[in-house]
Amino acid sequence: MKITGSEALMLALKAEGVKTIFGYPGGAIMPVYDALYDYTRGEKKAFDHILVRHEQGAAHAAEGFARVSGKVGVALVTSGPGATNTLTGVADAMMDSTPIVVIAGQVGVAALGTDAFQEVDLVGVAQPISKWSYQIRRAEDIAWAVSRAFYIARSGRPGPVVLDFPKNAQTEKVDFQPEKVDFVRSYVAYPKLNAEAVKQAAQLINNAKKPLALVGQGVELGHAQEELKAFLEKADIPAGRTMLGLSALPSNHPLNVGMLGMHGNFAVNLKEQECDVLIAIGMRFSDRVTGNLKTYAKQAKVIHLDIDESEINKNVKADVAVIADCKVSLPAITALIDKTDHQEWKDSFKQLTEKEIEKVIMPAIHPTEGPLRMGEVVNVVAEATKGEAVLVTDVGQNQLFATRYFRYHQYRSICTSGGLGTMGYGMPAAIGATFGAPGRTVCCFMGDGGFQMCIEELGTIMEQQAPVKMILMNNNYLGNVRQWQDMFWQRRKSFTKMLNPCYELIAKGYHIPYEAVTDRACLSAAVEKMLATDGPYILECAILEEDNVLPMTPPGMNVDDMMLEL
């Protein structure tokens, strides 16, 4: 029996194992939503559809789902503004290698190019910021296009795929047969491991006196967390982690020496300028990690492990490049390296770490006077969740404090916007995370600026009773911009002061439990109450207005110019 293209899409998504869809209906996608009606209830039920309140929220929710589950996130939207509203999420997913598939309605093929109502050249717009974008012009192409989309999104270095779905293809009849795409000509998802490169990498590591590993999100994307530990432990190599790679190695692992980057930990950043062999694993040498490239790690031999050949020599020249999935390359190198003891080298980190603890960490997480500090709020939540929760952040100071002071004992425990730095990411990504990891506590830290950029998604949280624990760190400023204005723009606070609404009334309007904390004596009890409450919760914390994130490497400076105080 022939079925409509819209129902064929349902069957194609079902064949890919999709169970959760984040979306928002509209005219050009209405036939699909009509088919979806039957597939969300009754005997045909295959999907849970989560109605977001803005299409950007659908894309970020799909990202959050993908980050914690390891599966492909799916967003379903209409044409024109519905599709373009997702593009920030598409660009975000591209920068952070997050596998999502965005399916957008489109005007019929006959109307393309006529400036029809809500027509946008989505394929053309999405192509530079997606892994693949394609227009399904005929119902008979649905099975192939959907399977190919999911294969491209999840394979190799993951990323976003955009499918543009004209209305005629949604309504045409087709004799549907599922397809399985596992090969695309000219697309090499998993490069073949080069044995000579593995041998050269092992030789450098065996001869190293001061090796240092830089661990990125690629380890988690490649499901290579255990392979990473085996590698590090055999060669006794201290490891720093990028922001997106924080949960690839547990916080309490003895070889973990902290977070890399502009606001990372003092010791590991300085030691990048002292190590003799630098082993980058599934990371891209972001400018926020390297600082001034002209002076970055010039003393070190660089080994770069990455699945994406385009990352090799893009920012930092590699002496040895091992281009492969790190789940394959790490064990291959581990088999050839010597069992080693680098105790003296590891001990050299301790003095720098103690200096940071004294000057930065203790004042941030255990202040004795004045208003609440962001670091202490994060620390109290981290201690209460015992390293078992999923951390979701928005972007800004809340992100930098949260990633620094949270604890990560389980894999896939962090959702944050890294490369694009998208304010408004936090709340919808946290919604997606609750569906991607339904058995885990999801803690979402937001500033007052980011909270208001996605405030409409409180409606989604209310409807779904999504158990997002929202920690609103309110300092009445766009805090990160304000800090830079103070440091680099003669304290000229140009439009960073925020006049905020009454969040208690907003929470009440959405029927979400709420509490405000202004006194640190009440903080621990308020956090425990939040965590003990079923469903969503908003905990607003009144933060020191001019709280600053430290340490900090000023932009464009050398990585060892990191400042512990202003």
Side-chain angles (χ1 to χ4, degrees), residues 240 242-243 257-274 286-292 295-296 349-380 382 393-406 416 418 421 423 445-450 473-498 520 541-566:
T242 67
M243 183 180 287
V257 289
M259 185 171 82
L260 300 161
M262 176 180 281
H263 291 286
N265 292 108
F266 190 54
V268 66
N269 279 279
L270 267 62
K271 290 297 181 176
E272 288 178 277
Q273 304 293 73
E274 187 182 334
S286 158
D287 60 300
R288 288 294 173 102
V289 167
T290 64
N292 182 4
T295 61
Y296 179 72
F349 286 72
K350 292 178 180 178
Q351 185 176 356
L352 296 172
T353 298
E354 289 167 1
K355 188 174 182 180
E356 181 184 356
I357 290 171
E358 177 190 351
K359 288 186 172 292
V360 175
I361 295 177
M362 294 307 291
I365 67 175
H366 293 302
T368 56
E369 59 184 8
L372 288 170
R373 305 283 297 274
M374 288 193 190
E376 70 176 311
V377 172
V378 175
N379 185 59
V380 169
T393 83
D394 207 85
V395 166
Q397 286 185 320
N398 67 90
Q399 174 189 40
L400 302 171
F401 275 109
T403 52
R404 275 182 59 84
Y405 295 118
F406 213 67
T416 193
M423 287 182 68
F445 289 87
M446 294 174 280
D448 40 314
M473 300 199 288
N474 185 359
N475 59 5
N476 297 305
Y477 269 103
L478 298 175
N480 209 39
V481 184
R482 190 275 310 153
Q483 180 173 335
W484 283 46
Q485 288 173 336
D486 282 352
M487 293 178 68
F488 310 121
W489 295 92
Q490 294 79 49
R491 303 185 67 85
R492 289 160 57 88
K493 296 179 177 62
S494 180
F495 300 100
T496 45
K497 181 76 171 177
M498 300 281 285
R520 65 174 41 90
C541 300
I543 300 296
L544 174 69
E545 286 195 345
E546 298 197 355
D547 203 359
N548 291 313
V549 189
L550 291 167
M552 181 178 185
T553 302
M557 299 296 285
N558 304 333
V559 72
D560 50 352
D561 289 332
M562 180 167 258
M563 303 161 54
L564 289 176
E565 53 193 357
L566 298 184

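Nothing here was measured: the structure is a model prediction, and the numbers come from that model.
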So how far is it from [X] [atom1] to [Y] [atom2], rounded to the nearest 0.5 Å?
X: L400; Y: Y405; atom1: CG; atom2: OH; answer: 11.0 Å
X: E272; Y: M562; atom1: CD; atom2: CE; answer: 9.0 Å
X: F266; Y: T353; atom1: CZ; atom2: OG1; answer: 9.5 Å
X: T553; Y: D561; atom1: OG1; atom2: CG; answer: 7.5 Å
X: Q483; Y: D547; atom1: CD; atom2: CG; answer: 8.5 Å
X: L352; Y: K271; atom1: CG; atom2: NZ; answer: 5.5 Å

Is the backbone of [Y] close enough, under 3.5 Å, to the side chain of [X] for a donor and an acceptor to pair up by distance?
X: N379; Y: G375; value: no
X: N269; Y: N265; value: yes
X: T416; Y: G418; value: no
X: R404; Y: G264; value: yes
X: R520; Y: E376; value: no

Next on the checklist: Tell me whether K493 is salt-bridged to E545, with the criterion being a basic N under 4.0 Å from an acidic carboxylate O.
Outcome noted: no
Item to check | Ionic contact status for E546 with R491, cut-off 4.0 Å | outcome: yes
Item to check | Verdict with reasoning, M473 to V378, per side chain to side chain contact (heavy atoms under 4.5 Å, CB included) | outcome: CA-CA 10 Å; M473 300 199 288; V378 175; 4.2 Å; yes
Do [X] and [Y] have side-chain heavy atoms sitting under 4.5 Å apart?
X: F401; Y: F445; value: no
X: T242; Y: S286; value: no
X: Q399; Y: D394; value: no

Next on the checklist: Tell me if the CZ atom of F488 is crowded by more than 12 foreign heavy atoms within 6.0 Å.
Outcome noted: yes
Checklist entry - Stepwise, does the side-chain hydrogen bond (donor to acceptor under 3.5 Å, both in side chains) test hold for R482 with N548? => result CA-CA 9 Å; R482 190 275 310 153; N548 291 313; 2.9 Å; yes
Checklist entry - Under the side-chain hydrogen bond (donor to acceptor under 3.5 Å, both in side chains) criterion, do T295 and N558 qualify, and how do the steps go? => result CA-CA 6 Å; T295 61; N558 304 333; 2.6 Å; yes
Checklist entry - Where do M262 and M552 land on the side chain to side chain contact (heavy atoms under 4.5 Å, CB included) test, with the steps shown first? => result CA-CA 5 Å; M262 176 180 281; M552 181 178 185; 4.2 Å; yes
Please give me the minimum heavy-atom distance between [X] and [Y], naming the atom from each residue.
X: V289; Y: V559; result: O-CG2, 3.8 Å
X: P363; Y: I357; result: CD-O, 4.0 Å
X: M563; Y: P554; result: SD-CG, 3.4 Å
X: L566; Y: L550; result: CD2-CD2, 3.8 Å
X: V377; Y: C541; result: CG1-SG, 3.9 Å

Next on the checklist: Go through it in stages, so that I can follow the logic: the residues are N475 and M374, the test is side chain to side chain contact (heavy atoms under 4.5 Å, CB included), and I'd like the CA-CA distance, side-chain angles, deciding distance and then a yes or no.
Outcome noted: CA-CA 9 Å; N475 59 5; M374 288 193 190; 3.5 Å; yes
Next on the checklist: Quiz question: by atom type and distance under 3.5 Å, do the side chains of S494 and Q485 form a donor-acceptor pair?
Outcome noted: no
Next on the checklist: As a quick check of understanding, evaluate side chain to side chain contact (heavy atoms under 4.5 Å, CB included) for M243 and H263, giving each step before the final call.
Outcome noted: CA-CA 10 Å; M243 183 180 287; H263 291 286; over 6 Å; no
Next on the checklist: E358 vs K355, test: salt bridge (Lys or Arg N to Asp or Glu O under 4.0 Å). Steps then yes/no.
Outcome noted: CA-CA 5 Å; E358 177 190 351; K355 188 174 182 180; over 6 Å; no
